Amino acid sequence: MDALGPLVLLAPLVGFLLLALFGRLLPRPLVGWIGAGAVGLAFVFALAILSQVLGGQTLDQTYFTWWQSGDFFVPFNLYLDPLSTLMILVITGIGFMILVYSIGYMGSDPGFARFFAYMDLFVLSMLLLVMSGNLVWLIIGWAGVGLSSYLLIGFWYERTSAVLAARKAFVMNTIGDVGMVFAAFMIFLNLHVLDYRGLFSRVHLLPKGGTVITVICLLLLVGAVAKSAQLPLHTWLPDAMEGPTPVSALIHAATMVTAGVYLVARMHLLYDWAPAAATTVAVVGGVTAFFAATIGTSQVDIKRILAYSTMSQIGYMFLAVGIGAYAAGMFHFMTHAFFKALLFMAAGNVIHAFHDDQDIRHMGNLRAGLPITFWTFLIGTLSISGFPLFAGFFSKDEIIRAALSAAGSEFWLGILALITAGLTAFYMFRLFLTAFGWEWLAHDERHLHEALPVQTIPVIILAAGAVVAGYIPVAKFLSPVFGHAAEVGAAAFWGLAALSVLVGLIGFFFAYLLYARRPELAVAWRTRIAPLHALVEHKYYIDELYDRVFVRPGFALARFLNDVIETRVIDGAVNGLADFVMVEAREFRLIQTGRVRNYGLVMLGGALGVVLIVAAFLGYLPFRLGG
Amino acid sequence: MPVPAYSFLMLSGVLFTMGAIGFLLRRNPLVVFMCIELMLNAVNLAFAAMSRYLNSLDGVVFAFLVITVAAAEVVVGIAIIVQVYRAGRQMDVDELDLMKE
Amino acid sequence: MSWFTLPGGVPWLTLTLVIPLAGALLVALAPAVAKNVIKQLGIVSALITLLLVLAIIGGYQHGMGNLHFQFEESLKWIPSAGISYHLGVDGLSLFLLGLNALLFLLAIVVADPVTPRFKEFILLFLILEAATAGILLSLDLILFYVFWEAMLVPLYFLIGVWGEGRRVYAAFKFLIYTVIGSFAMLVAILAVAAINFSQTGKPSFDWTQLILHPASGSWQMPLGLGTIGIQQLLFIGFALAFLIKMPIFPLHTWLPVAYTSAPIPVVIVFAGLVSKLGAYGLVRFNLALFPDAAHSFGPFLALLATIGILYGAFMALVQTDLKRLVAYASMSHLGFIGLGIFAANLLGIEGALVQMINHGVIIAALFLIVGMIERRAGTRLRAELLGLAAVAPVFAALFLIVSLAALGLPGLNGFVGEFLIMLGAWTAFVPLAVAAGIGVILAAWYVLRFYQGSFQETPPKPAGFTELRWVDTGVLIPLLALMVVIGISPNFFPAAVDATVKALPVLLR
Amino acid sequence: MTINLSGLGIDYGVILPELIVVGTAIVVLFMDLFVPPDRRTWLAVASAVGLLAAGVASIPLWGQSRAAFGDTVVGDSLAAFFDVLLLAVSIVTVAISPRFLRALDLDYGEYYILLLGATAGMMLLAAATSLMTIFLGIELLSICLYVLSGFARTEQRSQESALKYLLLGGFATGFLLYGMALIYGATGSTSLRGIAAFVGSTNGAASNVVLLLGIGFLSVGLAFKASAAPFHMWTPDVYEGSPTIVTTFMSVATKSAAFAAVGRVFIATFPSLASQWYFALALIAMLSLLIGNLVAITQDNLKRMLAYSGVAHAGYILLGVLPGTAQGFSATVFYIAAYAVMNFGAFAVVTALGAAGEESADLGYWRGLFYRRPFLATVMTIFMLSLAGIPPTVGFFAKLFVFQALVNAHLWAPLIVAVIMTIISFYYYLRVVVTMLATPDDLAPKPARVGVSTGTVLGAAAAATIVLGVFPTTVLDWAGRAAASLHF
Amino acid sequence: MVAGFAILAVWEFLTALGVVAFRRPIYNAMSLVANMLGLAVLFLLLNAQFLFAAQIIVYAGAVMVLFVFIIALLNPGPELTLERRGTEWIYAAVFGVIFAVLLGALLFNRSLTGRPGKLTPEAINAVGNVQSTGAALYTSFLLPVEVTSVLLLVAAVGAVYLAMRRIR
């Protein structure tokens, strides 16, 4: 098993290096299959690992020392337990699907090789992130996924919008990275370890709920929030949709953005030890879930809607891990990976069909034109809005149940989650009804083309996953890590199921009413709540706020330093001194008149000075020199 | 009763200073030169007086050397002055300011 | 342990000084017209030096603590004054020596034979290499000072003659600034020796002697300015020289103009190495000889360093000239090094040491890239560059990696140093570490502006921008390799350095 | 009465070097009668031989302490050191003279005679242990230099500088003599030994008005010769006006001799009054540093610039005297030697450039010299760096040792001034270098080739500057022993 | 004795004033001669007959004749002695006066602290003033005297060089 770990990493690494170095020389199909195959291979290794983990094995193997001086010891070690195994499986599995899909989707793109190189780099870093056995390498992987996300958002670097989005994403993630680095500092300075095993075994040395542990957890949360696009560091995710759709599917939906959830789950011992921090996580999650959902209701760009739904769903996961329902959180992570990847890829097909037009108002009634996409997208929609017996139904319900059954403030978060569920159903069906429509068109004059099989087959597979993934006993699988979740009575289970289904139906009903049955009503209502709608449509003006509060002042300060402080003040002082010397020099120079008599005068002055000194010595003058 | 030594010193001091002042005031190089001679004379007076009051001949000898040297200096000096004059320049040290800042 | 052992009895360190000088002599004898011969002479001598230094690094015994020097050489020089020719290498200087040799080699390789008066150019370069190596190796304070000053002359000419723009002004400014510091240091050196003399009774400028008798007591300042510790006073004397050389805010205003007007090969050495010599001096002398003062001034200087980090970052944000931008970026990074040094704890100092190497590698690479851009585009103004990745993808890729290293991306070398430095700073003074963290974020910002602004978006301009030549790639590859290697597996560094740093008096206080 | 010479200490060995020089002068004087005008180089050869012989003759004095002629002169290490130094300077001066003189049509025998006379005077000054010999030495060298500075008889500038030098020199001589008179009056003796004995034995010396005034005026006279501020006023004008070769000689030699006398007077004779004369000398030193370095910044004429730098260096040299110890004075002696090498070199370059009669002193003329005359430019660079005190040149160690002396004596105020002014001095020394490096304008005339002798001299000086900058030990030891011989 | 000194002092002062103040160089020269003669008499007063002689012969004789001769040769016009450019002369006067006053104040009533030697006037006169002086000149001060000879030689050479016409 200690060989399998590196192998999982090696596969995408080799793929990345091959494509990065020789990608432009290789024939396109080969490139595609290398890129995807590497991940597929990794998936195979992951399955091998799974089999052993199911056998109850875990791994914590050190391969080499990264830095050792004094008690600062950082190994490169891999840490494999059910949690990371689950992550690996999802990453490689879903990743493989998406990469296969990309072969078709990116088929015509000049940057084909570059794309797959980046994708493999991403998979590599993501695997590193989840497999690393210590914080430093976690951070390295963490930054690696940030980098590849940056690269892929800015994949079409000719687009200014893409470039800006990429930079935004990177800078915001850097904020998170710094937060995590600081967390690592505090952990090291208080516990003198940076590897998980030592860390988990020593957490208890800190006072429970004390400042230190709380601060550590909050700093970790900063990283998690930045990476998972939770409030308040969420603004980069919608813009990240500038990247190719498979990227959005893999990185900004299925895997990377959930790294925050993984982090909290991985550090659950710490969060158990810092209740205040845990609550913060939950609050952030719950609020984000609702907040993002509201924005989702007003967007018209298909990918942006999905992006906000992603935020919202990750909010659920944060809520879950925040209230200690780690298994539920990871469960939802997995199901979400399926249906959100599915949704994005389906959306990608639609976008292709409409020649890169992403405005849902320009679409509609695709059942005839894009049947596969239509049905798969419908499945995804049902799954995400928690339609009974679909994957999303189980995972989301577990979270809501956990929240509601929790005491105190979490209860209200549960209520919020419930409302969000309704909103989810609303905006997802709004999307579906607007973009895909209902009725069958006998003949579609738009001549839409369904995507290639290489794209549709993965979609179908994922659709299947979106249906059945709910039946995978994730909680049981993760129980070695998080312990057994409390058994819930059938009554509570069915009661809550009914409740959430009801809420979902309400959401669906409004969506149906406003966007399928009587669109004029939608217009009327929109005008009635114009200010509120504007607020939501403009994402609560948070981008503008940040621009005003951080970006512009930053530049203003920089310019001030450049134009005033540097040139006038600091350098001014220096040059001023130099000029002063020159002026003085000129003054002295004037003595030299060239006239003997003046020279004599100066000499006599000197002699006079000598006499004065003598007089001063002997005390003939008011002041006295010497003893 | 003998004249106290310091009276000679003060006289020489006065003469010396007058020479110096003359040096600073006069513009004719010849006269300036004379003022220098005046200063040297003051020194000689001091030397003579001292050797008298210290009962040693060093002062006298020194004064004699000074006289000789002064003579030599005058010779060279006059020659230089003549040179300057030959160059057709005014006998005014203030005019001699080809070289200055 | 060591990677391998070198035969004893060979004056290895003196050789590292002599070989460049020998090369300089050969160059001097070569006819000025044979530019390629001259260049090859330069390359060969620099290469031999590099190999020699690598041998020294390989033969360096690990884990020998308490200020134990290796390959030591000591000869009488001016016995009456207690001045000796004393060379030695330890953890502080070991890898900087390697950086020195590497950067000079690269600089000479990129030097363009069409440069006017190429012969003198290479000549001065080799002399400069000897001087800088001497700075790193000398253990006698006067010897050190001699090299320290001798370094100025070639630098002065290299900027003043071969520079561009306000080259003479730049050279003067740099020189005067530096000389101010140097003389402060000279006085301090003399005072240290005098104090040591009063304690031991025999004159000595030998570092290994002086460190045994740290100065103490205090001095009554005139005009009723109160008293100040002798150590503090001497510390200031030394620090001034090194802080100016680094430079630390606010003593930095010579830097942008000097870097901007220096030709690329010079600025590589200048930014990549000379600034480190300042940092090296701080560790070697200020921390070693005046531990108490180091502790008393530490916070203040660390504050200055942190201000420097943010100041440099903000300045870099609004520069329009790429060379200037990189200059300020360099200043910001040097702030990190200063912060690590004045954190005055194991991790901080080791971080600073490794960051010296990293910064040398990164800044050299950045300036190389700026030079390559300028050679192709004929301009350095960011406004006139756009979308070059489309026409020069390889260039873009390499540039990207360098940029990422520069902004301290985990997994590349920049991260290693910054992580340790900030960790050390966090132990010493948390707020400064936090401020440094903000500096990291700003770094991401301005570096990406730099990269994206010139290589992304469309349409590509200026037209006719060409892809990298093999030589360009070849020059960048070793640097990139270092970035990756140090980023992934830097453990060789503490392995060699740890013992020395642990023995620094400042840590023992 | 009978003339009794016993106990007088007739010892020709002591003054043998001076005697040889003077003898050479007389020989040259007669040779001048026979040697045809176009063969006057022979005079140079003869003088060089004589000077060389004198140098040989002064070696035996090393390590001895032979007072002679009634304590008017002494033959000791200091005297030997300065004899050799001065003779070396005049030999190299003679070596580069002929070309220059011929170029300026000044090729007369008197030149060598006067040069030898001046050298003799300086050597006497360096060996003098009596107020009389000090006075006579100064006068001897002065009178020769008056004439030499006016040696270009038809040059108005030359005449003017001669007259200025003469008048101001006479003025200074007045003060010098007056000071000597007062000292004599206060101590009753004209020999330094006797004076030292008196000062050492009587305790009231520190408050003796006459004595202190005498010392004050004496220092005025010596400061004038050493061209230390504020008695330096003559220096720039005279240096500028005199024939460059003469400037070369006197800028170096006069200063050296004067400081030998300073050492004998202040270090050896008045050690117990150090706390009194320290103030005066410290002020003079600091003022010299200040004015010399500051005004030098503004100069566009190289000879004037070097003149001011000379004033500044007088200040540095004086710094070594301030501690009043032999150790400090050894720094001074070393500095003088260093200064002799580098400053002579610098002026010699100006001379070599002016050999074709151009206005070589004007800094504008030096633009791009590196590309017209690489050799001259290179050596000039070396000298400039050395004057500025950048290692590895002798100038650095000169400054280093002087500063060290100050540090060891805890004399901070002069040290600070010196350091700051040194920093400023970098500006104008390197300005010359930059000018030589500036892009050449083709209008500048191409000067004549450097002759063999001149080339050799310059190369030797440059080499010495570097070599002494790397291995200063030997000379430092010599200086130390020379300074150690300062005591009565 | 005192009276003689007083008279001579006044005389010296007046003649010195003449040297400084007269406008025509010839008058300056004449008053300098007078001053020197007075000085010679003062030497007599100080029992230095040898100096008296030397003063008269060398100075009043040779030197001043030279001066007068040159004045006659060059015949420079009268110089407006006290009309000065600018205000330098004020400084000169002020400095000079302060200098004189300080000097006077410091020297006033100082006795010569040096150890008196054996050569009292009586002792000297016993041998004979000139003899004893000569003896001193050629024994204890042999070297200085010889040096003056060299000095005179180079002075002569220099003067000749400067004064001679071009011969080639």
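Note that the structure is predicted; figures quoted are calculated from it, not measured. Computed from heavy atoms alone, side chains included, the values below leave out hydrogens, waters and symmetry copies.
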With a 4.5 angstrom heavy-atom cut-off, which part of B:L15 approaches chain E: side chain, backbone, both or neither? side chain

Quick one: which of B:C35, B:G19, B:A79 has the most heavy-atom pairs under 4.5 Å with chain E, could you say? B:A79

Are there more than 12 heavy atoms of other residues, nucleotides or ligands under 6.0 Å from atom CZ of E:F5? yes

Top contributor to chain E contacts, counting heavy-atom pairs under 4.5 Å, from B:V74, B:I67, B:V82, B:L9: B:I67

Which one of B:V60, B:V32, B:I81 has the most heavy-atom pairs closer than 4.5 Å to chain E? B:V60

Counting N and O atoms only, with roles assigned by atom type, does the side chain of B:R52 sit under 3.5 Å from a partner on the main chain of E:P121, one being a donor and the other an acceptor? no

Part of B:A5 lying under 4.5 Å from any heavy atom of chain E: side chain

Distance, nearest 0.5 Å, that separates CE of B:M50 from CG of E:L46: 11.5 Å

Is there a side-chain contact between E:V154 and B:V76, using heavy atoms and a 4.5 Å cut-off? no

Any idea which heavy atoms bring E:Q55 and B:N41 closest together, and the distance? NE2-OD1, 3.4 Å

E:I71 and B:M34: which non-hydrogen atoms are nearest, and at how many Å? CD1-CE, 3.7 Å

Give me the atom names and distance for the closest heavy-atom approach of B:A71 to E:V58. CB-CG1, 4.0 Å

What part of E:A62 is in contact with chain B, defined as an atom under 4.5 angstrom from a non-hydrogen atom: side chain, backbone, both or neither? neither

Sort E:L8 into side chain, backbone, both or neither according to what part of it lies under 4.5 angstrom from a heavy atom of chain B. neither

Can you tell me which portion of E:A29 sits under 4.5 Å from chain B's heavy atoms? Options are side chain, backbone, both or neither. both

Between CG of E:L162 and CZ of B:R86, what distance do you get to the nearest 0.5 Å? 9.0 Å

Please name the pair of heavy atoms, one in B:A72 and one in E:A155, separated by the smallest distance, quoted to 0.1 Å. CB-CB, 3.8 Å

Verdict with reasoning, B:V3 to E:L45, per side-chain contact (heavy atoms from CB on, under 4.5 Å): CA-CA 10 Å; B:V3 185; E:L45 210 62; 5.5 Å; no

Taking the ring of B:F62 and the ring of E:F141, is the distance between their centroids below 6.0 Å? no

So, do E:V145 and B:T68 sit near enough that their side-chain heavy atoms are less than 4.5 Å apart? no

How far does CG of E:L106 sit from OH of B:Y6, to the nearest 0.5 angstrom? 14.5 Å

Does anything in residues 7-20 of chain B pair up under side chain to side chain donor-acceptor pair (under 3.5 Å), and if so which pairs, sequence neighbours excluded? B:S12-D:Y178

Under 4.5 Å from any heavy atom of chain B, what part of E:T148 do you find: side chain, backbone, both or neither? side chain

Selection from E:M64, E:M36, E:K118 maximising heavy-atom pairs under 4.5 Å formed with chain B: E:M36

Smallest separation among heavy atoms of E:P144 and B:L65, with atom names: CB-CD1, 3.8 Å

Counting heavy-atom pairs closer than 4.5 Å to chain B, which one of E:L107, E:T120, E:L73, E:L137 comes out on top? E:T120

Could you please spell out the steps behind the side-chain contact (heavy atoms from CB on, under 4.5 Å) verdict for E:F99 and B:I21? CA-CA 10 Å; E:F99 188 76; B:I21 296 178; over 6 Å; no

In terms of heavy-atom pairs under 4.5 Å with chain E, which of B:L38, B:V75, B:V14 leads? B:L38

Go through the atoms of B:I78 and report whether side chain, backbone, both or neither lie under 4.5 Å from a heavy atom of chain E. side chain

Please determine, among B:N55, B:V61, B:I80, B:V69, the option with the most heavy-atom pairs under 4.5 Å with chain E. B:N55

Would you sort out whether E:L51 and B:N44 count as a side-chain contact (heavy atoms from CB on, under 4.5 Å), showing the intermediate values? CA-CA 9 Å; E:L51 272 187; B:N44 284 349; 6.0 Å; no

List the atom of B:R26, the atom of E:F22, and the distance in Å for their closest heavy-atom pair. NH1-O, 2.7 Å

Please list all pairs meeting ring pair (Phe, Tyr, Trp, His ring centres under 6.0 Å) that have one or both residues in residues 45-67 of chain E, counting only residues at least two apart or in different chains. B:F64-E:F50

Distance col, row B:E73:CD vs E:L151:CG, nearest 0.5 angstrom, shows 8.5 Å

